[in-house]
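To start, the structure itself, in structure tokens.
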Amino acid sequence: MTRILLHIQLLGRLYVVAGWLASLAALSLMLLGIGAVSLTVRAGPEVAASLAAAIFFACAAIALVWGGVLLGVGWALPQHQPWARPVALVLAIVNIFVIPFGTALSAYAFWVLLQEAGKRMFERHQPDRSGV
């Protein structure tokens with residue numbers, strides 16, 4: 001049982017790292033959007049620069065939300081929050097397409113969270129509803 005605890009803690013830390021990386025990507029996309037906006041201010045209302053700025057800001061917002069969710073799950077996994085396991089598995093499905101780090105993280109998340117011992121670690125903290 002101790003081995004699975006270490007794997008869950010490591011998985012949580014990896015989710016936190018992924019969340020910070022997504023947040024860093026959001027920051028860089030925001031800076032690119034600001035650069036595109038500055039092009040429209042200097043040269044006049046250019047359609048391409050305005051469209052690029054809108055795309056950069058939209059992608060930055062998506063990356064910021066994605067990073068926040070990854071951070072939240074990364075902090076909840078080592079605490080064995082009952083909601084963290086299914087959310088981590090859903091994130092792992094989407095992360096498969098974030099090559100190469102997300103794919104490796106997904107494979108590790110599936111391996112840790114779909115084991116019988118991994119399932120038991122999160123079932124143990126759920127409230128008993130049989131007597132209600």
Side-chain angles (χ1 to χ4, degrees):
M1 200 58 103
T2 305
R3 261 182 90 194
I4 196 68
L5 283 173
L6 292 174
H7 285 294
I8 290 173
Q9 288 176 351
L10 177 60
L11 182 63
R13 288 181 183 159
L14 290 173
Y15 266 91
V16 168
V17 168
W20 283 116
L21 289 174
S23 300
L24 184 63
L27 177 66
S28 65
L29 285 168
M30 224 175 287
L31 292 175
L32 285 171
I34 291 170
V37 167
S38 72
L39 288 176
T40 63
V41 172
R42 260 200 290 168
E46 298 290 330
V47 175
S50 299
L51 181 62
I55 290 172
F56 284 139
F57 285 131
C59 290
I62 292 168
L64 196 59
V65 170
W66 183 254
V69 172
L70 285 169
L71 282 169
V73 170
W75 285 323
L77 277 172
Q79 297 172 6
H80 307 289
Q81 297 290 326
W83 60 268
R85 182 178 172 271
V87 173
L89 288 170
V90 169
L91 291 175
I93 291 170
V94 178
N95 262 339
I96 288 174
F97 302 105
V98 183
I99 299 171
F101 180 71
T103 307
L105 179 61
S106 293
Y108 185 60
F110 289 140
W111 181 76
V112 171
L113 297 174
L114 293 177
Q115 289 183 44
E116 201 55 43
K119 290 178 189 178
R120 280 194 305 266
M121 294 306 296
F122 291 94
E123 290 171 354
R124 178 166 60 167
H125 293 293
Q126 292 182 1
D128 183 22
R129 296 184 185 160
S130 59
V132 177

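When reading the values below, keep in mind they use all heavy atoms of this one structure, side chains included, and skip hydrogens, waters and symmetry mates.
Transitive grouping of hydrophobic side chains (ILVMFWY, heavy atoms separated by less than 4.5 Å) keeps Val98 and Leu11 in distinct clusters. Hydrophobic clustering of Ile, Leu, Val, Met, Phe, Trp and Tyr side chains at less than 4.5 Å, counting indirect connections, keeps Leu71 apart from Leu10. Cluster membership check: Phe122 shares its hydrophobic cluster with Leu5, using side-chain heavy-atom separations under 4.5 Å among Ile, Leu, Val, Met, Phe, Trp and Tyr. Residues Leu14 and Ile4 are members of one and the same hydrophobic cluster, defined by side-chain heavy-atom contacts under 4.5 angstrom among Ile, Leu, Val, Met, Phe, Trp and Tyr. No single ILVMFWY cluster, assembled from side-chain heavy atoms under 4.5 Å apart, contains both Ile62 and Leu91.
The structure places CZ of Arg13 at 13.5 Å from CH2 of Trp75, a figure rounded to the nearest 0.5 Å. Taking CD of Gln9 as the start and NE2 of His80 as the end, the distance is 7.0 Å to the nearest 0.5 Å.
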For residues 18-33, dump all side-chain donor-acceptor pairs below 3.5 Å to protein atoms at least two apart in sequence or in another chain.
unit_1: Ser23; atom_1: OG; unit_2: Gly19; atom_2: O; d: 2.9
unit_1: Ser28; atom_1: OG; unit_2: Ala25; atom_2: O; d: 2.8

Per-pair distances, 0.1 Å, donor-acceptor, side chain in residues 83-90, under 3.5 Å, sequence neighbours excluded:
unit_1: Arg85; atom_1: NE; unit_2: Leu113; atom_2: O; d: 2.9
unit_1: Arg85; atom_1: NH2; unit_2: Leu113; atom_2: O; d: 2.9

Please output the side-chain donor-acceptor pairs of residues 101-110 that fall under 3.5 Å, not counting sequence neighbours, one pair per line with the distance.
unit_1: Thr103; atom_1: OG1; unit_2: Ile96; atom_2: O; d: 2.7
unit_1: Ser106; atom_1: OG; unit_2: Ala92; atom_2: O; d: 2.6
unit_1: Ser106; atom_1: OG; unit_2: Ile96; atom_2: N; d: 3.2
unit_1: Ser106; atom_1: OG; unit_2: Gly102; atom_2: O; d: 2.9
unit_1: Tyr108; atom_1: OH; unit_2: His7; atom_2: ND1; d: 2.6

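Minimum heavy-atom separation, Leu39 to Ala49: CB-CB, 4.2 Å.
Taking 4.5 Å as the limit, some side-chain heavy atom of Asn95 sits within range of a side-chain heavy atom of Leu70. A heavy-atom distance below 4.5 Å is found between the side chains of Val37 and Thr40.
If you chain together ILVMFWY residues whose side-chain heavy atoms come under 4.5 Å of each other, Ile55 ends up grouped with Leu51.
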